[in-house]
Amino acid sequence: MQTTQAAWPVKTRELHNHHFDSTIWNDFQFRDDDIVIATYAKSGTTWTQQIVSQLIFQGEEGLPVAEMSPWLDLRIPPKEIKLPEVEKQTHRRFLKTHLPVDALVFSPKAKYIYIGRDGRDVVWSMYNHHANANQLWYDALNDTPGRVGPPIGRPADSISAYFDTWLEQDGEPFWPFWENVRSWWAIRDLPNVMLLHFRDLKDDLPGEIRRIADFIEVEIRPSAWPRIVEHCSFAYMKANATPSVPLGGAFWEGGAQTFINKGTNGRWRDTLSAKQCEAYEARARAELGEACATWLASGMRGQDMGGRNAAA
Ligand code: A3P
């Protein structure tokens, strides 16, 4: 049976806020072997950057992954500084984005990896990220040239209230959640798009690393395999967080180890009421449709996704 392939995505808008400057993609010169690692945020971006770095460099230790794999659409440093830096890179590039598909320039040749995570887990991770951010973080986001829209404020004292605001105001105080997930899900059948899920990474890290290797067409040297798997484990990444985390963790109280926090899902279960969970789940189904909402909640394993995005 033939499946119809979605058309190549076209950029239809720009996104600007305290974090974003999506216009950088308009001037970005793609190479055919570029890899783009995309998430809404707090969904396993750093983990996937680590996996991709380990595959490209066959388990090498001490790679400055955050520096090698910049968040392109973060407006700091500005594109005049960031673009020449990525242009200078001679290794296979792997870039990070948090944009929805329609705010990106999409290359038919580059490989795109999108990682999903249940929105409740995202908020738990985001609260830790935001509540531990130091003054440097606020200064960089709020007081540097190029910010569009309101500054980002301090988080609510209670994580439950933070969650309610995020759900009721779609991503507030970061950016809209549902459109981000929906836009990537819609193009999952393109030959150069791969969906990953945080839970699948946790359930079967070696299997998912191999799936990523196949997708980005990296052959794993058997002698490198044990190192690759070890270097992508939570324990290793927590103990060696500094080179993997943005600015070595300088924006957070407790440094890089605050960013690589717990690495678990479901921490919201003890805090959110049944009513809050129902509101989240109903919204997820309404925004994403049944299949995508199910994937976002539980990943691919056990689901019939069909094709390349099926569970291994
Ligand atoms: P928690 O805050 O829930 O612990 P991102 O890189 O998109 O900002 O996502 C950060 C989340 O990924 C954090 O989740 C962090 O702990 C988790 N993470 C990073 N590396 C991990 C690993 N090797 N194993 C499990 N979780 C990891």
Side-chain angles (χ1 to χ4, degrees), residues 19-20 36-55 59 61 63 65-74 94-99 113-133 137 141 155 159 162-163 166 171 174-175 177 180-181 184 195-209 212 227-272 296 299:
H19 281 77
F20 282 149
V36 180
I37 296 166
T39 72
Y40 165 73
K42 309 317 296 173
S43 301
T45 329
T46 314
W47 196 0
T48 308
Q49 288 171 295
Q50 177 80 357
I51 293 170
V52 169
S53 77
Q54 285 298 297
L55 288 170
E61 205 150 6
L63 297 167
V65 178
E67 197 185 308
M68 297 169 96
S69 177
W71 174 4
L72 213 63
D73 24 87
L74 176 66
F94 52 115
L95 304 140
K96 156 177 162 182
T97 182
H98 287 315
L99 293 174
I113 305 177
Y114 184 74
I115 307 97
R117 192 179 190 190
D118 188 290
R120 291 163 289 194
D121 294 311
V122 167
V123 173
W124 252 246
S125 187
M126 184 177 275
Y127 189 75
N128 171 66
H129 181 107
H130 194 170
N132 287 299
W137 188 79
L141 294 173
I159 193 166
Y162 192 77
F163 174 80
W166 181 86
F174 282 75
W175 42 83
F177 180 63
N180 193 292
V181 180
W184 286 95
L195 292 189
L196 291 181
H197 195 282
F198 193 95
R199 183 160 157 188
D200 295 323
L201 286 168
K202 283 199 68 73
D203 286 353
D204 180 13
L205 182 58
E208 292 297 276
I209 296 175
I212 297 169
R227 286 199 307 273
I228 293 174
V229 177
E230 191 208 334
H231 295 170
C232 298
S233 69
F234 181 77
Y236 181 91
M237 285 187 63
K238 178 100 175 167
N240 299 275
T242 307
S244 304
V245 167
L247 283 184
F251 280 153
W252 293 276
E253 299 298 336
Q257 291 200 344
T258 298
F259 194 100
I260 308 290
N261 181 28
K262 304 262 192 233
T264 57
N265 283 334
R267 303 198 299 277
W268 42 271
R269 287 183 200 283
D270 296 336
T271 304
L272 292 183
L296 193 68

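Just so you know, ligand 1 is whichever comes first in the structure, and atom 1 is the first atom listed for that ligand. Everything numeric here is computed off the predicted structure, so don't read it as measured data.
- Between Trp175 and Phe20, the ring centre distance stays below 6.0 Å.
- Closest heavy-atom contact between Tyr236 and Glu230: CB-O, 3.1 Å.
- The protein non-hydrogen atom at the shortest distance from atom 12 (O) of ligand 1 is Phe198 CE1, 3.6 Å.
- The distance criterion of under 3.5 Å between nitrogen or oxygen atoms is met by Thr46 with respect to ligand 1.
- With Met237, Arg117, Lys238 as candidates, the residue nearest to atom 3 (O) of ligand 1 on a non-hydrogen basis is Arg117.
- With a 6.0 Å cutoff to the six-membered ring centre and a 45° limit on the axis angle, Lys262 does not count as a cation-pi contact of Phe234.
- For ligand 1, the polar-atom distance check finds no N/O of Ala41 at less than 3.5 Å from any of the ligand's N/O atoms.
- Not a single donor-acceptor pair under 3.5 Å links the side chain of Gln50 to the backbone N or O of Ser244.
- For Tyr114, the ring-ring contact (aromatic ring centres under 6.0 Å, His included) partners two or more places apart in sequence, or in a different chain, are Trp184.
- Within the 4.0 Å heavy-atom criterion, neither part of Tyr236 lies near ligand 1.
- Ring-plane geometry between Trp166 and Phe177 is classed as tilted, the angle between the planes lying from 30 to 60 degrees on a 0 to 90 degree scale.
- In this structure, the protein non-hydrogen atom closest to atom 26 (N) of ligand 1 is Gly263 CA, 3.3 Å.
- The protein heavy-atom contact nearest to atom 16 (O) of ligand 1 is Asn261 N, 3.0 Å.
- On a distance-only criterion, Cys232 and ligand 1 share at least one N/O pair closer than 3.5 Å.
- The proximity of Arg267 to ligand 1, defined as any non-hydrogen pair under 4.0 Å, is limited to the side chain.
- Annotation for ligand 1: atoms under 4.0 Å from non-hydrogen atoms of Ser125 are 1 (P), 2 (O), 3 (O), 11 (C), 13 (C), 14 (O).
- Looking only at protein heavy atoms, the nearest one to atom 19 (C) of ligand 1 is Ile260 CD1, 3.7 Å.
- Close approach to Phe259 involves these atoms of ligand 1, each under 4.0 Å from a residue heavy atom: 6 (O), 8 (O), 13 (C), 15 (C), 16 (O).
- With sequence neighbours left out, Ile159 forms a side chain to side chain contact (heavy atoms under 4.5 Å, CB included) with Trp124, Tyr127, Thr271.
- With Arg267 as the fixed residue, the side chain to side chain donor-acceptor pair (under 3.5 Å) test singles out one of Thr264, Asp270, Asn265: Thr264.
- Ranking the protein heavy atoms by distance from atom 8 (O) of ligand 1 puts Lys42 NZ, 2.9 Å first.
- Ligand-side atoms of ligand 1 in range of Lys262: 4 (O), 16 (O), range being under 4.0 angstrom from any heavy atom.
- Using cut-offs of 30° and 60° for the angle between ring planes, the His98 and Trp71 rings count as perpendicular.
- Contact atoms of ligand 1 toward Ser233: 23 (N) (distance under 4.0 Å to a heavy atom of the residue).
- Ranking protein heavy atoms by distance to atom 9 (O) of ligand 1, first place goes to Gly44 N, 3.3 Å.
- Here OG1 of Thr97 is found 13.5 Å from CD1 of Ile113. Values are rounded to the nearest 0.5 Å.
- For Ser43, every heavy-atom contact with ligand 1 shorter than 4.0 Å involves the backbone, none the side chain.
- Using cut-offs of 30° and 60° on the angle between ring planes, the pair His130 and Trp137 is tilted.
- In terms of polar-atom proximity, Thr45 is counted as a contact of ligand 1, with an N or O under 3.5 Å from an N or O of the ligand.
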